[in-house]
There are 2 protein chains.
Amino acid sequence: MTQAVRHDSMRARNLGVVLGEIRRNGPVTRAALAEITGLTKTTVSKMVGDLIEAGMVAESGALRDGERGRPGTAVVLSGRRVAALGLEINVDYLSACVVDLTLAVRLRYSQAVDNRAASPVETLSRLAELAHRAVDEARREGLAVAGSTLAVPGPVDGGLVHTAPNLGWHHVRVSDLLDFPVEVDNEANLAALGELWFGSAPGDFLHVSGEIGIGAGLVVGGTLFRGAHGLAGELGHVVVHPDGPACRCGGRGCLEQYAGQEALLRACGLTGIPELLESLRAGEPGALEACERAGQALGVALTSAIHLMDPGTIVLGGVFAPLFRWIRDPVHQAMAARLTGMRHTVPDLTVSRLGSDAAPLGAAGQIIHRIIANPIAILLRR
Amino acid sequence: MTQAVRHDSMRARNLGVVLGEIRRNGPVTRAALAEITGLTKTTVSKMVGDLIEAGMVAESGALRDGERGRPGTAVVLSGRRVAALGLEINVDYLSACVVDLTLAVRLRYSQAVDNRAASPVETLSRLAELAHRAVDEARREGLAVAGSTLAVPGPVDGGLVHTAPNLGWHHVRVSDLLDFPVEVDNEANLAALGELWFGSAPGDFLHVSGEIGIGAGLVVGGTLFRGAHGLAGELGHVVVHPDGPACRCGGRGCLEQYAGQEALLRACGLTGIPELLESLRAGEPGALEACERAGQALGVALTSAIHLMDPGTIVLGGVFAPLFRWIRDPVHQAMAARLTGMRHTVPDLTVSRLGSDAAPLGAAGQIIHRIIANPIAILLRR
DNA sequence: ATATTAAGTCCATAAAGTGGATTAAATCGG
DNA sequence: CCGATTTAATCCACTTTATGGACTTAATAT
């Protein structure tokens with residue numbers, strides 16, 4: 001439902017529009033912003049002044065473009081003051097990063113811990129420690145951390161982690177166990193947003209994050225698609241073969257049974273992804289064939305996903321990123337053979353540059369993007 | 001990208017918010033609207049006055065609710081003046097309907113024509129005739145038709161019908177061949193919206209429209225999901241069996257090859273849906289088994305769709321509506337067996353009450369809903 | 001050196017919503 | 001049955017925010 005607009009919310013929204021255009025259009029003059037937004041120069045000037053005062057925007061010198069007439073002074077986002085904290089809990093590590101308003105990564109922490117062996121309380125208290133360290137260090141650099149988001153490997157509904165099978169979590173309400181406010185979201189969702197904001201993906205893509213399970217995040221028009229209950233994107237359980245091997249989800253022939261990390265390693269008799277990469281580089285036939293098969297299955301599942309969700313491009317991330325060289329062709333062939341009749345073009349198949357960093361970056365980016373869309377909260381805080 | 005708000009657009013938006021709440025909350029008093037929207041009574045009163053003057057809202061008498069204090073006078077949407085035209089071209093008929101602002105169907109026209117035998121120009125000139133008749137008759141009843149939408153059986157991108165295989169259309173730009181402005185959209189999309197606004201579906205569902213092909217429209221939070229190029233929802237080509245029979249799309253084992261109208265009839269050796277229904281009612285084993293198999297395949301495809309798109313409920317429409325009695329159980333069983341491990345609940349499986357009327361109703365409803373969201377265009381026209 | 005052009009600021013004005021006061025029309029209690 | 005209370009709707013002076021034209025500033029062109 002659309003909300004009513006009042007004078008204060010009009011101003012709040014317009015501040016967000018101006019700040020958003022400053023972000024999109026790099027160094028811009030106030031006059032250009034007025035043109036872009038449709039607001040008057042007066043209004044834009046006043047807003048830019050407020051944003052500068054709040055430390056969110058800075059003047060970046062005169063913009064001499066060779067045209068005649070008085071040159072404008074361009075403004076850009078400033079990373080000096082406002083920042084956000086991105087957190088991730090995964091099976092064998094914790095990580096945190098601090099990102100400023102320009103989306104520059106300012107701090108990065110990582111800690112190897114086996115979280116399967118620990119209780120949610122233990123894990124979260126370790127995480128809190130990491131988070132406090134990050135916030136303190138950020139403050140020493142003059143950054144004010146305006147919010148934080150936590151990525152967890154499992155479906156999340158309104159701050160409640162329903163199940164994170166690989167962590168052994170059930171019904172964990174994270175906010176009850178942390179001493180600072182945090183938003184919680186699914187790792188695959190945040191990884192897709194990370195790819196959107198920090199990677200090279202355009203505004204429409206399906207990001208496949210193959211970790212232990214296989215998740216996917218669909219971004220359409222720069223917005224994450226979440227479905228009715230926030231459970232969309234479970235690519236790992238798309239049916240590849242209705243009579244295939246039983247899956248831990250209760251179904252049969254799910255993609256995870258063909259292209260999941262465990263299935264992949266089992267198929268070539270290896271114990272870890274590093275070993276698999278080594279075998280692939282050595283050209284061992286068993287490893288190559290296992291990848292070929294996994295790629296074909298992934299191509300079949302992606303075909304269904306493309307018909308249903310119509311993504312712009314496909315970005316392979318997580319463990320599929322290092323394996324890209326070897327799975328690209330089988331995936332592409334399986335898709336091309338099935339899709340060309342219905343669509344003029346088969347979606348591009350690309351690889352994520354971010355790998356496992358995508359989720360915490362997306363987590364921090366989510367806060368930053370919310371601030372840029374609605375900077376009034378920061379203005380009022382001062 | 002969010003647009004800047006100015007005084008005029010603030011008013012335009014708030015008018016839409018007020019009108020939307022009048023629609024949602026049935027007969028409401030001005031005071032209640034002020035509470036709901038967060039605007040003041042003064043503002044709401046002024047807007048309701050304007051909307052009444054434009055004939056979009058009417059007072060519906062005093063609302064005596066037994067509470068003490070002065071009773072309010074309730075207002076409701078008025079269907080007196082504003083209306084929209086919904087049009088449909090399908091393989092063997094043309095249809096048109098006029099719907100007023102309250103979503104009451106005021107006029108309905110239908111014409112049996114074999115559109116496969118006709119050129120797009122012929123078909124569209126017949127359609128124009130039907131449309132003009134509808135608009136004239138509506139005017140005689142005091143209705144002003146504010147816009148129209150046309151449903152076609154095939155993917156549409158910005159007014160261009162790329163291919164409508166069952167009509168034999170290729171690259172038809174409809175607006176060039178009609179003498180009145182019309183929006184064009186895919187039939188499955190509009191059928192889903194018809195189900196949303198005229199049927200009994202809640203705001204989150206996947207509407208499956210099985211006609212010659214099998215399409216689907218996903219509605220999330222009352223909004224249709226279209227994907228990156230408007231091609232989302234091609235349920236008929238979700239892969240059920242990667243090595244199954246070849247499909248006209250170039251793939252193998254698509255759902256259409258198991259549950260499409262042609263496959264279904266071929267499996268039991270019958271020539272039409274009426275005959276199939278008769279056989280089913282007579283309990284003939286061949287027909288029952290064909291339905292059982294089609295239902296299982298549909299259940300497998302829906303399982304993939306649910307994992308990927310997380311719909312609230314599933315609504316079966318088109319030819320699946322009359323077959324519902326016989327396919328419900330196999331579909332449900334196939335879904336339940338595969339889904340229960342991952343989700344607490346399997347989406348409800350319901351049947352559409354609208355059948356083939358869904359698309360033209362959705363077409364007209366789309367115009368009405370746009371007017372309700374942005375009534376300023378109508379106010380200015382007077 | 002002067003004309004022209006464009007950027008940014010100033011200021012009076014307009015548009016729209018706010019909030020408290022007022023009037024209207026009910027119910028409640030004695 | 002009448003006054004007190006309560007809620008609806010309207011009225012009006014005021015606030016917030018954006019507008020638009022005038023003005024100032026700083027560059028290029030002639």
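These numbers were taken from a predicted model, which means no experiment stands behind them. To find a chain, count down the sequence lines: A is the first, B the second, and so on, and within it residues start at 1.
For D:dG20, its base sits under 3.5 Å from the side chain of A:Thr42 at one donor and acceptor pair at least. Under 3.5 Å, the side chain of A:His7 and the base of C:dA16 form at least one donor-acceptor pair of N or O atoms.
For the pair A:Arg30 CZ and C:dC10 C1', the interatomic distance rounds to 15 Å; values are reported in whole Å. Between the CD atom of A:Glu35 and the P atom of C:dG8 there is a distance of 13 Å, given to the nearest Å. The separation between A:Asp8 atom CG and D:dT17 atom P is 7 Å, rounded to whole Å. Rounded to an integer number of Å, the gap from CE of B:Met47 to P of D:dT10 is 14 Å. What separates CG of B:Leu33 from P of C:dG17 is a distance of 14 Å, to the nearest Å. For the pair A:Met10 CE and C:dA14 P, the computed distance is 17 Å after rounding to whole Å. For B:Leu39 and D:dT15, the CG to P distance is 20 Å, given to the nearest whole Å.
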Return a table of donor-acceptor pairs under 3.5 angstrom between the side chains of residues 139-147 of chain B and protein atoms on other chains or two or more places apart.
| residue | atom | partner | partner atom | Å |
| --- | --- | --- | --- | --- |
| B:Arg140 | NH1 | B:Glu137 | OE1 | 2.6 |

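For the side chain to side chain contact (heavy atoms under 4.5 Å, CB included) test, no residue two or more places apart in sequence or in another chain qualifies with B:Arg70. B:Arg108 pairs by the salt bridge (charged side-chain N to carboxylate O under 4.0 Å, His left out) definition with B:Asp357, not counting sequence neighbours. Partners of B:Arg80 under the salt bridge (charged side-chain N to carboxylate O under 4.0 Å, His left out) rule, at least two apart in sequence or in another chain, do not exist in this structure. With sequence neighbours excluded, no residue forms a ring-ring contact (aromatic ring centres under 6.0 Å, His included) with A:His229.
The nearest pair of heavy atoms linking A:Thr29 to A:Ala32 is OG1-N, 3.1 Å.
Within the structure, a side-chain polar atom (N or O) of B:Arg6 is placed less than 4.0 Å from OP1 or OP2 of D:dT19. Close to D:dA18, at under 4.0 Å from its OP1 or OP2, lies no side-chain N or O of A:Thr43. Note on B:Asn14: every side-chain N or O is 4.0 Å or more away from OP1 and OP2 of C:dA16.
Legend: salt bridge (Lys or Arg N to Asp or Glu O under 4.0 Å) pairs involving residues 30-40 of chain B, not counting sequence neighbours, sorted by first then second residue: B:Arg30-B:Glu59. Within the structure, side-chain hydrogen bond (donor to acceptor under 3.5 Å, both in side chains) contacts touching residues 7-16 of chain B (residues at least two apart or in different chains) are B:Arg11-B:Asp50.
Remark on DNA chain C: of its neighbouring residues B:Gly38 and A:Lys46, the 5'-side contact belongs to A:Lys46, judged by nearest-heavy-atom nucleotide. Positionally, the nearest nucleotide of DNA chain D for B:Gly72 lies more toward the 5' end than for the other of A:Arg11 and B:Gly72.
A:Trp197 has its side chain within reach of A:Gln366: a pair of non-hydrogen atoms, C-beta onward, lies under 4.5 Å apart.
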Original post:
Going 5' to 3' along nucleotides 23-30 of chain D, which nucleotides have protein heavy atoms under 4.0 Å from the base (write B), which only from the sugar-phosphate (write S), and which from neither (write -)?
Top reply: --BBBSS-
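Across its full length, the helix from C:dA1-D:dT30 to C:dG30-D:dC1 shows an angle of 0° between the axes of its 5 terminal pairs at either end, rounded to 10 degrees.
Nucleic acid contact for A:Thr29: sugar-phosphate only, since backbone atoms but no base atoms lie under 4.0 Å from a heavy atom of the residue.
When the nucleotides C:dT18, D:dT10, D:dT19 are ranked by their closest atom to the side chain of B:Ser45, D:dT10 comes out on top.
With hydrogens and angles disregarded, a donor-acceptor distance shorter than 3.5 Å links the side chain of A:Asp204 to the backbone of A:Gly221.
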